[in-house]
Amino acid sequence: MTKDKYPEADAPPPPTSAIFFTYSVLGAVLSFTFGRDPSGMLLPGDDDFVRELAPTIIVICLFLVSYSLLDVMHVGIAKQRYGLASKTYPAIALNPPEEVYLAQRVQTNQVEQLPGFLVGSIFFAILVNGKVGGVLSLLWATLRRMYASTYRASVGQPINKSGITKFTIPAYFVLNAMLMGTVVQCARALVHSL
């Protein structure tokens with residue numbers, strides 16, 4: 001029906017259940033391959049806690065600085081380029097230049113993705129494996145930086161030609177694998193404690 005009404009419509013994504021299953025399998029692989037032994041302490045010992053968490057915290061802090069310098073500031077720069085700093089709100093919101101709109105979308109989408117990243121990366125580093133969590137966090141942050149620069153540079157292109165999905169979809173998989181890895185690790189510890 002949608003294809004008849006909108007012939008330019010893209011194919012729908014796979015079913016949500018299939019995506020969830022894939023995230024779960026990836027999380028189980030991470031937990032069973034890299035997770036701490038669930039029969040012991042789920043949390044790293046006092047001596048290891050900082051060493052386990054530090055790589056992920058470094059990535060988070062660097063990502064937040066890059067967000068401030070690149071995403072937030074690009075919105076202001078784009079608005080200044082088009083003289084929007086001297087206009088009132090309705091004039092800015094109704095029909096912004098495409099460069100401004102894309103810069104705002106990048107900034108907004110980074111904020112939308114951040115809560116899951118913070119929870120997933122920190123909990124994965126603490127409960128599953130800090131070194132692997134640091135690597136996965138760095139991979140996610142790199143994909144998000146590539147998404148941002150690609151999307152901002154897509155002025156004049158339709159979204160399905162912008163190339164952002166080659167960064168957003170892998171970033172979703174990395175993030176949700178960390179979240180599900182944490183879930184599986186906690187479930188393993190609970191089952192082992194019974």
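These numbers come from a predicted model, not from an experiment.
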Closest heavy-atom pair and its distance - [X], [Y]:
X: Ala125; Y: Thr56; value: CB-OG1, 3.5 Å
X: Leu26; Y: Ala177; value: CB-CB, 3.8 Å
X: Glu52; Y: Arg36; value: OE1-NH1, 3.3 Å
X: Pro55; Y: Gly134; value: CB-CA, 4.0 Å
X: Asn109; Y: Arg144; value: OD1-NH2, 2.5 Å
X: Ser121; Y: Ser137; value: CB-OG, 3.1 Å

May I ask whether [X] and [Y] are part of the same hydrophobic cluster, defined by side-chain heavy atoms of I, L, V, M, F, W, Y residues being less than 4.5 angstrom apart, directly or through others?
X: Val128; Y: Leu53; result: yes
X: Ile159; Y: Val106; result: yes
X: Leu64; Y: Val75; result: no
X: Leu190; Y: Ile126; result: no
X: Phe117; Y: Val111; result: no

For this session: Not counting sequence neighbours, list each pair that qualifies as a salt bridge (Lys or Arg N to Asp or Glu O under 4.0 Å) and has a residue in residues 151-161.
Result: Asp71-Arg152
Exercise. What salt bridge (Lys or Arg N to Asp or Glu O under 4.0 Å) pairs are there with at least one residue in residues 168-187, not counting sequence neighbours?
Worked result: none
With rounding to the nearest 0.5 angstrom, report the [atom1] to [atom2] distance, [X] to [Y].
X: Leu175; Y: Leu114; atom1: CG; atom2: CG; answer: 10.0 Å
X: Ser31; Y: Met178; atom1: OG; atom2: CE; answer: 14.5 Å
X: Tyr67; Y: Ile60; atom1: OH; atom2: CD1; answer: 15.5 Å
X: Met180; Y: Phe124; atom1: CE; atom2: CZ; answer: 12.5 Å
X: Leu143; Y: Ile169; atom1: CG; atom2: CD1; answer: 11.5 Å
X: Ile122; Y: Thr182; atom1: CD1; atom2: OG1; answer: 11.0 Å

Expected output: side-chain [X] to main-chain [Y] donor-acceptor under 3.5 Å:
X: Glu98; Y: Gly156; value: yes
X: Asn176; Y: Tyr23; value: no
X: Ser68; Y: Val65; value: no
X: Ser154; Y: Tyr151; value: yes

With a 4.5 Å limit on heavy-atom distance, are the side chains of [X] and [Y] in contact?
X: Leu179; Y: Val183; value: no
X: Ile164; Y: Met146; value: no
X: Cys61; Y: Ile57; value: yes
X: Gln107; Y: His74; value: no
X: Gln104; Y: Lys79; value: yes
X: Val155; Y: Leu102; value: yes
X: Phe63; Y: Trp140; value: yes
X: Phe32; Y: Arg188; value: yes

Exercise. Considering residues, nucleotides and ligands other than Phe123, do more than 12 of their heavy atoms fall under 6.0 Å from its CZ?
Worked result: no
For this session: Please indicate whether Tyr82 has more than 12 foreign heavy atoms, meaning atoms of other residues, nucleotides or ligands, lying under 6.0 Å from its OH.
Result: yes
Problem set entry | Partner of Leu30 by side chain to side chain contact (heavy atoms under 4.5 Å, CB included), out of Val184, Leu136, Val25 | Leu136
Exercise. Where do Phe167 and Thr142 land on the side chain to side chain contact (heavy atoms under 4.5 Å, CB included) test, with the steps shown first?
Worked result: CA-CA 9 Å; Phe167 305 116; Thr142 302; over 6 Å; no
